[in-house]
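Here the structure comes first, spelled out in structure tokens, and everything after it is commentary.
Heavy atoms only: backbone and side chains are in, while hydrogens, waters and symmetry mates are out.
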Amino acid sequence: MDKQEANSENTPFEIPLLPLRGVLVLPHTVMQLEVGRDKSIRAINEALSHDKKIALSMQRDIHVDDPTFEDIHDIGVVVEVRQVYRPTGGTLRIVVEGLHRVEIVDYVETEPFIKVEAVALKDVEEEEELVVEVLYRRLLTEFEGYARLSKRVPPEIMASVVALEDPSQFADSVASHLVLKLTEKQEILETVSVRERLERLLFLITKETEILGLDRKIGTEVRRQMEKNQKEYYLREQIKAINKELGEKEDRQSECEEYR
């Protein structure tokens, strides 16, 4: 099923848009964001004055300060603003929860904030439910191994992720805790097929686990070599100290000259 087929039953709606620079939010995840651009702050205030819903989509180039339609990915996520902090300095700190994928189809207005026309993207229903279940279980096993190696996932977060029984929610939660390139996370966001999303994550997490294992192996070898060098240095210094106590010359060159 292609994107248009997935959208055919959805009614377009208008929603404020917050362009993201160097960060991406996935559905079913909670994240804190720093917001400083005037348009973005006005978009958040608009969302807060209504239903607290706002669309987030990542910019293609983080250096563009005033992005247009071409500068923003057309697949993003609708979030609910859970908390807002207003520290000094004119910026906002917000906590958002990802709700569902969304496709941006048009710009409605760009002033005083960006408002877009969008359609919700629903997960593609899979016919091979058994295959999805197998992929889900394999990804669960791989994620547990990744968490043990990386030590980047706190136990309480790990418990909440592995408790998810819905394959779609589980896949998005796993993706949010992997160390991936933003382009890779964008690919995950754009994958509405649950089966394809699980398959892609299995490939990515397997690669990351192999990298972590190799990194640990190299680190162990480096430490062993350092310990060996330190031990040899310590022994050489001991020999020098002993020779000095015995009144013997320290270096071999002096010893050779003595024999001559």
Side-chain angles (χ1 to χ4, degrees), residues 2-124 168 172 175-176 180-192:
D2 61 22
K3 190 187 301 179
Q4 290 183 348
E5 291 173 335
N7 296 337
S8 59
E9 298 178 358
N10 296 323
T11 303
F13 58 93
E14 294 183 1
I15 188 170
L17 174 70
L18 172 61
L20 299 177
R21 292 197 282 193
V23 66
L24 184 146
V25 179
L26 288 162
H28 317 299
T29 62
V30 177
M31 184 174 289
Q32 180 174 288
L33 302 172
E34 298 282 344
V35 183
R37 289 183 284 191
D38 291 339
K39 280 188 179 181
S40 298
I41 292 175
R42 287 193 288 266
I44 292 170
N45 289 332
E46 174 69 12
L48 292 173
S49 66
H50 291 82
D51 57 2
K52 298 185 179 181
K53 305 291 195 310
I54 189 170
L56 309 181
S57 188
M58 190 172 66
Q59 291 183 201
R60 301 179 188 275
D61 185 350
I62 63 173
H63 300 100
V64 177
D65 193 57
D66 190 15
T68 62
F69 188 75
E70 291 78 13
D71 299 315
I72 302 172
H73 287 280
D74 58 352
I75 303 298
V77 60
V78 170
V79 302
E80 181 176 356
V81 181
R82 288 297 188 89
Q83 293 177 319
V84 180
Y85 305 95
R86 301 179 185 272
T88 58
T91 62
L92 289 182
R93 186 178 298 123
I94 62 174
V95 176
V96 299
E97 180 181 4
L99 300 179
H100 59 81
R101 288 167 170 78
V102 68
E103 180 183 11
I104 301 166
V105 295
D106 198 6
Y107 269 43
V108 177
E109 57 187 40
T110 58
E111 295 293 343
F113 56 86
I114 301 176
K115 180 183 285 188
V116 296
E117 183 180 42
V119 289
L121 290 177
K122 296 182 180 179
D123 292 331
V124 173
S168 177
D172 288 334
S176 69
L180 302 176
K181 298 176 183 177
L182 286 174
T183 53
E184 292 172 329
K185 285 195 174 184
Q186 182 66 33
E187 288 179 5
I188 297 298
L189 181 61
E190 294 179 0
T191 306
V192 294

Test side chain to side chain contact (heavy atoms under 4.5 Å, CB included), reference Ile41, set Val35, Thr91, Leu18, output is Val35
Residues 43-57 vs salt bridge (Lys or Arg N to Asp or Glu O under 4.0 Å), sequence neighbours excluded, gives none
At what distance, to the nearest 0.5 angstrom, does CG of Leu20 lie from CD1 of Ile62? 12.5 Å
Do the side chains of Glu70 and Val64 get nearer than 4.5 Å, heavy atoms only? no
With sequence neighbours excluded, residues passing salt bridge (Lys or Arg N to Asp or Glu O under 4.0 Å) with Arg42: none
Considering only residues two or more places apart or on different chains, which pairs with a residue in residues 76-86 satisfy side-chain hydrogen bond (donor to acceptor under 3.5 Å, both in side chains)? Asn45-Arg86, Arg82-Glu97, Gln83-Tyr85
Taking distance alone, no hydrogens or angles, what donor-acceptor pairs closer than 3.5 Å link side-chain atoms of residues 104-120 to residues at least two apart or in another chain?
| from | atom 1 | to | atom 2 | distance (Å) |
| --- | --- | --- | --- | --- |
| Tyr107 | OH | Thr68 | O | 3.3 |
| Tyr107 | OH | Phe69 | N | 3.4 |
| Glu111 | OE2 | Lys39 | NZ | 3.1 |

Are the side chains of Val78 and His100 in contact, using a 4.5 Å heavy-atom criterion? yes
How close do Pro16 and Ile54 get, counting heavy atoms only, and between which atoms? O-CG1, 3.2 Å
Kindly indicate whether the side chain of Pro19, heavy atoms from C-beta on, has any atom under 4.5 Å from the side chain of Arg37. yes
Would you give me the side-chain donor-acceptor pairs under 3.5 Å for residues 185-192, sequence neighbours excluded?
| from | atom 1 | to | atom 2 | distance (Å) |
| --- | --- | --- | --- | --- |
| Gln186 | NE2 | Ile75 | O | 3.2 |
| Gln186 | NE2 | Glu190 | OE2 | 3.0 |
| Glu187 | OE1 | Arg200 | NE | 3.4 |
| Glu187 | OE1 | Arg200 | NH2 | 3.2 |
| Thr191 | OG1 | Glu187 | O | 2.6 |

Closest approach of Asp172 and Arg101, non-hydrogen atoms and distance? OD1-NH2, 2.7 Å
Distance from His28 atom NE2 to Ser168 atom OG, nearest 0.5 Å? 4.5 Å
Could you pull out the closest heavy-atom pair between Ala175 and Leu26, with the gap in Å? CB-CD1, 3.6 Å
Is there a donor-acceptor pair closer than 3.5 Å between any side-chain N or O of Thr29 and the backbone N or O of Gly98? no
Does the side chain of Val95 come within less than 4.5 Å of Val30's, by heavy atoms? yes
Before you tell me yes or no, could you show the steps for Val23 and Met31 under side chain to side chain contact (heavy atoms under 4.5 Å, CB included), namely the whole-Å CA-CA distance, both residues' side-chain angles and the distance that decides it to 0.1 Å? CA-CA 10 Å; Val23 66; Met31 184 174 289; 3.6 Å; yes
Nearest atoms (heavy-atom pairs only) where Ile94 meets Val84: CG2-CG2, 4.1 Å
Residue set satisfying salt bridge (Lys or Arg N to Asp or Glu O under 4.0 Å) with Arg21, at least two apart, ordered chain then number -> Asp65
